[in-house]
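These numbers come from the heavy atoms of this one structure, side chains and all, not from hydrogens, waters or symmetry mates. Naming convention: chains lettered A, B, ... in sequence-line order (proteins, then strands); numbering from 1 in each chain.
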2 protein chains.
Amino acid sequence: MNLSPGQLDILFQALGDPTRRAILERLARGPASVTELAAPFDMALPSFLGHVRRLEAAGLVATAKDGRVRTVTLVPGAFTPVRGWLDEQRALWEGRLDRLDDYVTRLMKERANGSGSED
Amino acid sequence: MNLSPGQLDILFQALGDPTRRAILERLARGPASVTELAAPFDMALPSFLGHVRRLEAAGLVATAKDGRVRTVTLVPGAFTPVRGWLDEQRALWEGRLDRLDDYVTRLMKERANGSGSED
DNA sequence: TCGATACTTAGCTTCTTATCTAAGTATATC
DNA sequence: GATATACTTAGATAAGAAGCTAAGTATCGA
């Protein structure tokens, strides 16, 4: 299950804004209407709605309109690709350390076998 | 150990670009010079350097100039705040599920104790 | 039906980002 | 010392993001 090329871009970019992260933090405690969500922020509603839309485009939240109220909910698994990339990155790094370790180990064994003639 | 308000912004934003993520992936395998790093990308060097600078500003890489060559290396722990935020977010979410679970459990017990008079 | 509520759309301004080309500086190599 | 290499700086441009106000639409509640 590979993700489309730009998906990670959209996700990381969506997370790169304090307002949007705050929205997600709020939503982790349960769904809320747009107005409810917007209340803590000193921002015009259209501006705020832009953030919600961006989160929605990233697949981090889902919204549904019932009557005149739009309810926003967190999409639980949406962080997975981000975590995935981070984990991969860590694996790469640790793989490198392992190889470095191997290398040093081999080097030391060679020294122990001790021709001792190198400078 | 709390991080400055904008640190997460800068980190997430730095990661929200495919070129920059590719640079990090390459660097996980070991340090490289700017020109070396730039080779796979169809991009003018000044543009490319901009990306390296952004990664450096985010603390994700360190650079050092020796002679005319600037060597770029990964900063290992730099992802920690990102992971941290992601983990927190997950904890919040799971905390919510737990409470939901408690709630449902309590509800079912009440039913079992069965006054059965609520609608 | 009328007013209030909850968005929604449209249009504008400003700032930032991602690019580029052209030209400059500092080292290394011959 | 002349040339080549490896950045580096300095603009210029175009696109995108974040914010605003003003005005519109659709419900809800009395």
Side-chain angles (χ1 to χ4, degrees), chain A residues 4-27 30-74 82, chain B residues 4-27 30-74 82:
Chain A
S4 63
Q7 184 59 26
L8 272 176
D9 294 17
I10 293 173
L11 274 169
F12 274 120
Q13 281 162 25
L15 295 174
D17 178 282
T19 301
R20 288 194 291 264
R21 283 198 310 282
I23 293 175
L24 293 174
E25 285 163 15
R26 163 65 188 79
L27 287 178
S33 74
V34 170
T35 305
E36 220 177 312
L37 274 180
F41 299 96
D42 186 19
M43 188 182 295
L45 200 60
S47 313
F48 182 80
L49 193 55
H51 286 299
V52 175
R53 290 263 201 260
R54 221 129 140 45
L55 289 172
E56 195 176 10
L60 287 163
V61 307
T63 80
K65 193 153 187 183
D66 183 29
R68 59 186 166 171
V69 176
R70 179 173 297 277
T71 300
V72 187
T73 60
L74 203 57
V82 174
Chain B
S4 63
Q7 183 61 24
L8 272 176
D9 294 16
I10 293 172
L11 275 169
F12 274 119
Q13 281 162 23
L15 295 174
D17 177 280
T19 301
R20 289 194 291 265
R21 283 197 311 280
I23 294 175
L24 294 174
E25 285 165 15
R26 162 63 189 81
L27 287 178
S33 74
V34 170
T35 305
E36 221 177 315
L37 274 181
F41 299 96
D42 185 21
M43 191 182 289
L45 199 62
S47 313
F48 182 81
L49 193 55
H51 287 298
V52 174
R53 291 251 135 92
R54 222 129 137 45
L55 288 172
E56 193 175 12
L60 288 162
V61 306
T63 79
K65 193 155 186 181
D66 181 28
R68 58 186 166 171
V69 177
R70 179 173 297 277
T71 300
V72 187
T73 61
L74 203 59
V82 174

Does the Arg21(B) side chain pair with the main chain of Leu15(B), one donor and one acceptor, at a distance under 3.5 Å? yes
Within the side chain of Arg70(A), is there an N or O that forms a donor-acceptor pair under 3.5 Å with the backbone of Val34(A)? no
Answer yes or no: does a side-chain N or O of [X] lie under 4.0 Å from OP1 or OP2 of [N]?
{"X": "Ser33(B)", "N": "dA6(D)", "answer": "no"}
{"X": "Arg54(B)", "N": "dT16(C)", "answer": "no"}
{"X": "Arg53(B)", "N": "dT8(D)", "answer": "yes"}
{"X": "Thr35(A)", "N": "dC7(C)", "answer": "yes"}
{"X": "Arg68(B)", "N": "dA4(D)", "answer": "no"}
{"X": "Lys65(A)", "N": "dT27(D)", "answer": "no"}

To the nearest angstrom, how far is [X] atom [atom1] from [N] atom [atom2]?
{"X": "Leu37(A)", "N": "dA6(C)", "atom1": "CG", "atom2": "P", "result": "13 Å"}
{"X": "Asp66(A)", "N": "dA6(C)", "atom1": "CG", "atom2": "P", "result": "14 Å"}
{"X": "Phe41(B)", "N": "dA18(C)", "atom1": "CZ", "atom2": "P", "result": "14 Å"}
{"X": "Phe48(B)", "N": "dC7(D)", "atom1": "CZ", "atom2": "C1'", "result": "12 Å"}
{"X": "Gln13(B)", "N": "dC15(C)", "atom1": "CD", "atom2": "P", "result": "17 Å"}
{"X": "Asp9(B)", "N": "dT16(C)", "atom1": "CG", "atom2": "C1'", "result": "14 Å"}
{"X": "His51(A)", "N": "dA17(D)", "atom1": "NE2", "atom2": "C1'", "result": "9 Å"}
{"X": "Asp17(A)", "N": "dG19(D)", "atom1": "CG", "atom2": "P", "result": "6 Å"}

Using a cut-off of 4.0 Å on non-hydrogen atoms, how would the nucleic acid contact of [X] be classed: base, sugar-phosphate, or nothing?
{"X": "Ser47(A)", "answer": "base"}
{"X": "Gly50(A)", "answer": "nothing"}
{"X": "Thr19(B)", "answer": "nothing"}

Judged by each residue's nearest nucleotide on DNA chain D, which is more toward the 5′ side, Gly67(A) or Pro46(A)? Pro46(A)
Comparing Ala44(A) and Leu45(B) on DNA chain D - which has the more 5′ nearest nucleotide: Leu45(B)
Of dA18(C), dC7(C), dG19(D), the nucleotide closest to the side chain of Arg20(B) is dA18(C)
Euclidean distance, Met43(B) CE relative to Leu49(B) CG, rounded to 0.5 Å: 11.5 Å
Within this structure, what is the CZ-CZ distance for the pair Phe41(B) and Arg26(B), rounded to the nearest 0.5 Å? 10.0 Å
Can you spot which of Leu55(A), Leu37(A), Leu60(A), Thr73(A) makes a side chain to side chain contact (heavy atoms under 4.5 Å, CB included) with Leu27(A)? Leu37(A)
